[in-house]
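Worksheet: the structure to be examined is printed underneath.
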Amino acid sequence: MKRNIACLTLAITALLGSAAIPAIAAPFPATPDLSVPVSQYVTQVNADKSITYRLFAPSAKRVSVVTGSTPDNSVSHDMSKDESGVWSWKSESLAPNLYEYYFDVDGFRSVDTGSRFQKPQRQVNTSLILVPGSILDDRAVPHGDLLTVTYHSKELGSERRVYIWTPPGYNGKGEPLPVLYFYHGFGDTGLSAIDQGRLPQIMDNLLAEGKIKPMLVVVPDTETDIVQAIAENYPPKERRKTFYPLNAKAADRELMHDIIPMVDGRFNVRKDASGRALAGLSQGGYQALVSGMNHLDSFGWLATLSGVTTTTVPDAGVTAQLNKPQEINKQLHNFTVVVGEKDSVTGKDIAGLKSDLEKQGIKFDYKMYPGLNHEMDVWRPAYAEFVQKLFK
């Protein structure tokens, strides 16, 4: 009888499949001791401006923290685990700055789960930590407003979003203000310019010091995500060949036909070329070059910060305009070109652009940042220097 019941059970199980087998739930991860303050197992900046990196991972076999902003300057530091399962490593005292890092947990790249400050990217894999004492700080000065404006892009056929910084006390009345349009780099989002670039803090602090003119700063999304140009669909080696040109043309149409008309219509801003500036970093630097040269009569100020150029990504309109140096020199009040000395991503691009500008006799401000690569330690100070030149 027992044998018949067992056979019947096996038959029913075979007929029903895995649905008849009770599911075994996976265990939940361990949690820190509730009697311990959170500050004892999360990353923090110390009084001497060193950083103690911490990660609660009691089951991990090996954990390291990787610091640095580019593959060329990244360093992996082995962490040690205490009896409570907290891994830690302490840095030396650091200069005031915003630093990037991530954890390597048994070969898995992880953001710092104990921090809310993540690098804004399309695929988030890096955390940020601020050592205070620089222009990047939130100081006790009058603060501008950061607006999130959603609009319908007729050119792209989609709902889009821009971030707009307005100066303290801006209410749309009085004299129209000039506008800077700024594009972020590849793989990032508009929030990269806000949270990592620290544009609001830089603008607040420079304005409080009387070093810049009041203006609006508009940060569009550099990636258009049109069907033909979705970044994730292209192997890295193919981006310059196909993705960049397609995306740049779409973003150019969006800027000229959607974004600028929207800003002109919703805000009290100048509509003359001398009241508009255009800049960007890396891929955004290419976007600024493409739109700035293809629509030279719409802008009076232009900057490419470590930007991709026509040296590696051709654009017929840019090339044609660069062959008209007198027009460029007459139109642009300032043309800024910057790069890190060791830039392995766009160093060739900037070198090619610099050579072209010099050959054509085109006026431009050039700065190379010694010892630096393709990184924010170039772009943040370069941005701060550029905005101090604007609209004066």
Side-chain angles (χ1 to χ4, degrees), residues 98 111 115-124 126-128 130 136-139 141-173 176-207 212 214-226 230-231 247 250-270 276-284 287-288 291 376 379-380 383 387:
L98 185 66
V111 296
S115 171
R116 65 185 178 89
F117 295 111
Q118 313 302 340
K119 181 178 178 180
Q121 300 165 284
R122 289 170 72 93
Q123 291 84 44
V124 179
T126 303
S127 294
L128 302 170
L130 180 71
L136 308 181
D137 293 355
D138 283 302
R139 298 175 180 171
V141 300
H143 299 292
D145 291 328
L146 182 64
L147 310 177
T148 302
V149 178
T150 302
Y151 63 97
H152 176 73
S153 170
K154 294 180 180 178
E155 286 292 342
L156 305 183
S158 60
E159 306 311 302
R160 300 278 286 172
R161 183 173 294 111
V162 295
Y163 299 99
I164 302 178
W165 178 87
T166 61
Y170 176 77
N171 58 12
K173 299 179 181 179
L177 293 184
V179 185
L180 164 61
Y181 293 87
F182 186 82
Y183 281 97
H184 64 79
F186 179 84
D188 294 332
T189 69
L191 279 176
S192 175
I194 304 303
D195 293 345
Q196 188 184 14
R198 307 289 284 185
L199 264 59
Q201 288 82 2
I202 291 173
M203 299 301 290
D204 286 349
N205 295 333
L206 288 178
L207 190 60
I212 61 173
M215 67 185 81
L216 271 66
V217 181
V218 178
V219 182
D221 194 334
T222 307
E223 314 299 355
T224 59
D225 285 324
I226 58 173
I230 296 176
N247 186 82
D252 177 60
R253 294 193 302 272
E254 181 190 32
L255 175 66
M256 302 309 300
H257 300 156
D258 292 321
I259 298 175
I260 290 178
M262 181 270 291
V263 171
D264 285 353
R266 293 185 59 168
F267 297 88
N268 183 22
V269 296
R270 290 173 55 179
R276 289 198 197 108
L278 181 59
L281 63 88
S282 194
Q283 182 193 353
Q287 192 59 54
S291 291
M376 277 288 177
W379 305 325
R380 283 188 291 252
Y383 173 87
V387 293

If you compare all heavy atoms of P214 against all heavy atoms of L177, which two are closest, and at what distance to 0.1 Å?
O-CD2, 4.0 Å
Is Q287 close to D252 at the side-chain level, that is, under 4.5 Å between some pair of heavy atoms?
yes
Could you tell me whether the side chain of H184 reaches within less than 4.5 Å of the side chain of D221, counting heavy atoms only?
yes
Taking all heavy atoms of H152 and all of G157, pick out the closest pair and write down the distance.
CE1-C, 4.1 Å
Does some side-chain heavy atom of V218 sit less than 4.5 Å from a side-chain heavy atom of F267?
no
With side chains defined as the heavy atoms from C-beta onward, is the minimum distance between T222 and F186 less than 4.5 Å?
no
Checking the side chain of S127 only, and the main-chain atoms of V111 only, is there a donor and an acceptor separated by less than 3.5 Å?
no
CG on L207 to CD1 on I202, rounded to 0.5 Å
13.5 Å
Looking at side-chain heavy atoms only, is the closest gap between I194 and L191 below 4.5 Å?
yes
Are R160 and E254 close enough for a salt bridge, meaning some N to O gap below 4.0 Å?
yes
How close do D258 and L156 get, counting heavy atoms only, and between which atoms?
OD2-N, 4.4 Å
How far does OG1 of T150 sit from CD of E159, to the nearest 0.5 angstrom?
8.0 Å
Determine whether L278 and S291 satisfy the following criterion, side-chain contact (heavy atoms from CB on, under 4.5 Å), listing intermediate values before the conclusion.
CA-CA 8 Å; L278 181 59; S291 291; 3.7 Å; yes
Apply side-chain contact (heavy atoms from CB on, under 4.5 Å) to residues E223 and Q283 and explain how you reach the verdict.
CA-CA 9 Å; E223 314 299 355; Q283 182 193 353; 2.7 Å; yes
So do M376 and L98 actually touch side chain to side chain, heavy atoms under 4.5 Å?
no
Counting only heavy atoms from other residues, nucleotides and ligands, does the tally under 6.0 Å from CZ of R161 exceed 12?
no
Taking all non-hydrogen atoms of both residues, which atom of G280 and which atom of A288 are closest, and how far apart?
N-CB, 3.9 Å
Derivation and outcome, side-chain contact (heavy atoms from CB on, under 4.5 Å), residues Y163 and L199:
CA-CA 11 Å; Y163 299 99; L199 264 59; over 6 Å; no
Side chain H143, main chain V141, donor-acceptor under 3.5 Å:
yes
Report the distance from atom CZ of R270 to atom CE of M215, rounding to the nearest 0.5 Å.
10.5 Å
Determine whether R276 and I260 make a side-chain contact, defined as any pair of heavy atoms from C-beta on separated by less than 4.5 Å.
yes
Is there a donor-acceptor pair under 3.5 Å between the side chain of R198 and the backbone N or O of L136?
yes
Do any side-chain atoms of residues 164-171 form donor-acceptor pairs under 3.5 angstrom with protein atoms, and if so which ones, sequence neighbours left out?
from : atom 1 : to   : atom 2 : distance (Å)
W165 : NE1    : D204 : OD1    : 3.2
Y170 : OH     : N268 : N      : 3.0
N171 : OD1    : K173 : N      : 2.9

Hey, is the main chain of S115 close enough, under 3.5 Å, to the side chain of Q118 for a donor-acceptor pair?
yes
L255 and P261 have their tightest heavy-atom pair at O-CD, 4.0 Å
What are the two closest heavy atoms between Y183 and A251, and how far apart are they?
OH-O, 4.0 Å
With the threshold set at 4.0 Å, does a side-chain nitrogen-carboxylate oxygen contact exist between R116 and D195?
no
Closer than 3.5 angstrom, by distance alone: can the side chain of D188 be matched with the main-chain N or O of A193 as a donor-acceptor pair?
no
Compare all side-chain heavy atoms of Y383 with those of L180 and state whether any distance is below 4.5 angstrom.
yes
